[in-house]
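Quick notes on the structure that follows.
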Protein chains: 2
Amino acid sequence: MRNKKPTIYDIAEEVGFSTATVSRVLSNSSYPVKEQTRNKILETARKLNYEPNIIGRMLKKNESMDIGVVIPTISNPFYPQIVLGIEQEARSRGYNILLCNSFRDIITEQKYIETLYRKQVKGIIISSIGENRKYLETLKKQGIVIVTIDQEIEGFKCSKVVFDYVKGGEIATDYLIRQGHTNIAFLTSPLTRKSRRDVFEGYKLSLLKNNIFLNENNIIVSNKEEECENATYEFKNGRWLARKFLERNTGATAIFVINDMTAFGVIQELTESGIKVPDEISVVGFDNIEISSMLNPPLTTVNQPAYETGKLACQLLFESFERNEDINKTVILEPSLVIRKSVTILN
Amino acid sequence: MRNKKPTIYDIAEEVGFSTATVSRVLSNSSYPVKEQTRNKILETARKLNYEPNIIGRMLKKNESMDIGVVIPTISNPFYPQIVLGIEQEARSRGYNILLCNSFRDIITEQKYIETLYRKQVKGIIISSIGENRKYLETLKKQGIVIVTIDQEIEGFKCSKVVFDYVKGGEIATDYLIRQGHTNIAFLTSPLTRKSRRDVFEGYKLSLLKNNIFLNENNIIVSNKEEECENATYEFKNGRWLARKFLERNTGATAIFVINDMTAFGVIQELTESGIKVPDEISVVGFDNIEISSMLNPPLTTVNQPAYETGKLACQLLFESFERNEDINKTVILEPSLVIRKSVTILN
DNA sequence: ACATATGTAGCAAACGGTTGCTATATATAT
DNA sequence: ATATATATAGCAACCGTTTGCTACATATGT
């Protein structure tokens, strides 16, 4: 029933040459082999449906052609784009990616890193919860290249693709102010992550710069600890935040929401409460995930180039591979505002 | 700079036992080893930061703990859910997944399958374009388990998770008719895939059953060949279809769209043309991707359980592994209608 | 006391491919 | 004719683990 997969030994026997020669032909080595011999080997390989066993090759060369990708969850649409960027870049170099959803759970993340290590990946691209620094340091010492995306790991030296969250928060708020809004609410999930604190920082910076007094009542932070970065969860969180917002009744004319997914929830809650976006309240999000343009109204938001992030991270990885050293380079991605239709101009 | 990773030899030398014993301890073999010896080995392993080299193990045992997942593109939100289902199931058994985006391109798909084969994956879960049957048959003969999802491969025997698309098309149309709609348009991307033809079949079946004459003008098929199953592309396609629909002016009061992503485009185009959904025109989609509930209005759609699909596919895979034979089982997933707010009751 | 089971450990051969080294034949240079 | 370079091929060790087989010591049964 089950054929054994052919090996170079089978081919060697069939053609009457040694496995050394067969290997050299089949691995495109630069080692010279007589044209006639080469042809005979190639032909036989084709005939037997031979495909090299990468495991054998890996063992000998002591490196895999896989790179590990650790993200919170593929279910949040921000991450698939990153993964796509990584994958495209990796594939063009013959590498594959091992996908790991950590759900930002320390244990899960740690287990995955361990597995990747055992699987001899050459590198890991990770959006980490940050608690596994020690472990990652061990890997790094053993020659595995680490690149962080989305989240930095405090006190850990490695290549990283970072995003200027502060500036992102700033330009979004600046924009609202330019449209005449002065009473601007800030709705966010818990500020447990630096990226969120940075966005908040940008918001405050903008207010300060524009001499607008920060009304503490306008800051609404969801209290529940987020279980995982799951699209539905964030959406519901948005609805919760919007309800709180309505209760507070601060007279804000605009809302800046920590991310698009949450903003969708905010908008839906407002809409269902009979409040029109943007006519009565303006909303701006953060991330610019693909569907933000498909919403009704299309969401004005801060663009965080996910695909680019993945692509760059992967490029940094390969740069390290090629130079055969840790380059510890930091690439900073700049935010930009995508103006759509969820913000109105105040007269 | 770069430490060499410790191997069982290092440990064997350190503790003064043979690699055989070390291996037995470190791989949790049932082979009896003296408690004292075991402890000494475990301790040393910990001290040296030892992690087994999976490549070596794989080579010896001749099997990897990876399974390949081939999907059109992770950027279409339907697929991440499938992938998540697969991953969760795989992880619980200690397996990892190698992610491959084929973009439904024959060559890309074929290359990926080849790579997976070389990487000695134990199984492949694939939503295939179907042209690589021959190649997959070779793999199957060599003991690699194949499970298809989403799309069947004509004439290829293997386990599959299929979805009753015909019924899906039927219940959606039934529902519209029950709400009083009799003039129902059907908007779709090219009917190159069986799943789409099936949905169309269901639509026609429902009309027939309800004695409603099928108006050819109500069938709108986008002509452009789809470049890839990309979210933005499908969205734009929806806008194009809606424009065509408006031109045709058949007086339809409801639109059945081939998938949610496309439906978003339809809704946006209608909205921007000043037509209110669902007040003036009802829309029902297909897929029930996560964001469908977040749209404005929330989309009434046919639920295709993506996460379940992935999970079941993975279970079928493991069933084959365990029984060590091809089980060629077919699991049929039933559609259900998710009623939200994009359909109005006609008086 | 002897035979038999059991506990504990090592030897060495795999797994499939790569590659440094050696060997021969042929070509080129002197 | 001799020395040197090049083309072509094989031998065998190696990558890190696993495991069938062997070996000895101890325990158990009679």
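Order of the sequence lines sets the chain letters (A, B, ...), proteins ahead of strands, with each chain counted from 1.
Note on residues 58-70 of chain B: pairs passing side-chain hydrogen bond (donor to acceptor under 3.5 Å, both in side chains), not counting sequence neighbours, are A:Lys119-B:Asp66. Sorted by first and then second residue, the salt bridge (Lys or Arg N to Asp or Glu O under 4.0 Å) pairs involving residues 10-23 of chain A (not counting sequence neighbours) are A:Glu14-A:Lys47.
Rounded to an integer number of Å, the gap from B:Leu48 CG to D:dG16 C1' is 15 Å. What separates CD1 of A:Ile55 from C1' of C:dA14 is a distance of 16 Å, to the nearest Å. Summarising the geometry, the separation between CZ on A:Arg38 and C1' on D:dA9 is reported as 13 Å, rounded to the nearest angstrom. B:Phe17 places its CZ atom 16 Å from the C1' atom of C:dC11, with the value rounded to the nearest Å. As rounded to whole Å, 12 Å separates atom P of D:dT8 from atom CG of A:Asn39. As rounded to whole Å, 15 Å separates atom C1' of D:dG10 from atom NZ of A:Lys34. Following rounding to the nearest Å, B:Asn28 (CG) and D:dT17 (P) show an atom-to-atom distance of 14 Å. Atoms NZ (A:Lys40) and C1' (D:dA9) sit 13 Å apart, rounded to a whole Å.
Ion pairing of B:Asp105 with A:Arg91 is absent here, as no side-chain N (NZ or NE/NH1/NH2) approaches a carboxylate O to less than 4.0 Å. Using a 4.0 Å cut-off between charged side-chain N and carboxylate O, A:Arg118 and A:Glu114 make a salt bridge. Between A:Lys141 and A:Glu137 no salt bridge is recorded (no basic side-chain N to carboxylate O distance below 4.0 Å).
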Sequence neighbours left out, cut at 3.5 Å: what donor-acceptor pairs do the side chains of residues 309-318 of chain B make with other protein atoms?
from	atom 1	to	atom 2	distance (Å)
B:Thr309	OG1	B:Pro305	O	2.6
B:Gln315	NE2	B:Glu89	OE2	3.3

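If you run salt bridge (charged side-chain N to carboxylate O under 4.0 Å, His left out) between B:Glu152 and each of B:Lys160, B:Lys194, B:Arg193, only B:Lys160 comes through.
With sequence neighbours left out, the ring pair (Phe, Tyr, Trp, His ring centres under 6.0 Å) criterion links A:Tyr112 to no other residue.
Direction of the helix axis in the helix from C:dA1-D:dT30 to C:dT30-D:dA1 shifts by 40° between the two five-pair termini, rounded to 10°.
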**OP:** Would you mind building the protein contact string for nucleotides 17-26 of chain C? One character per nucleotide, 5' to 3', B for base within reach (heavy atoms under 4.0 Å), S for sugar-phosphate only, - for untouched.
**Re:** BBBBB-----
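Because its NZ or CZ atom is not both nearer than 6.0 Å to the ring centre of A:Phe156 and within 45° of the ring axis, A:Arg133 does not count as a cation-pi partner of that residue.
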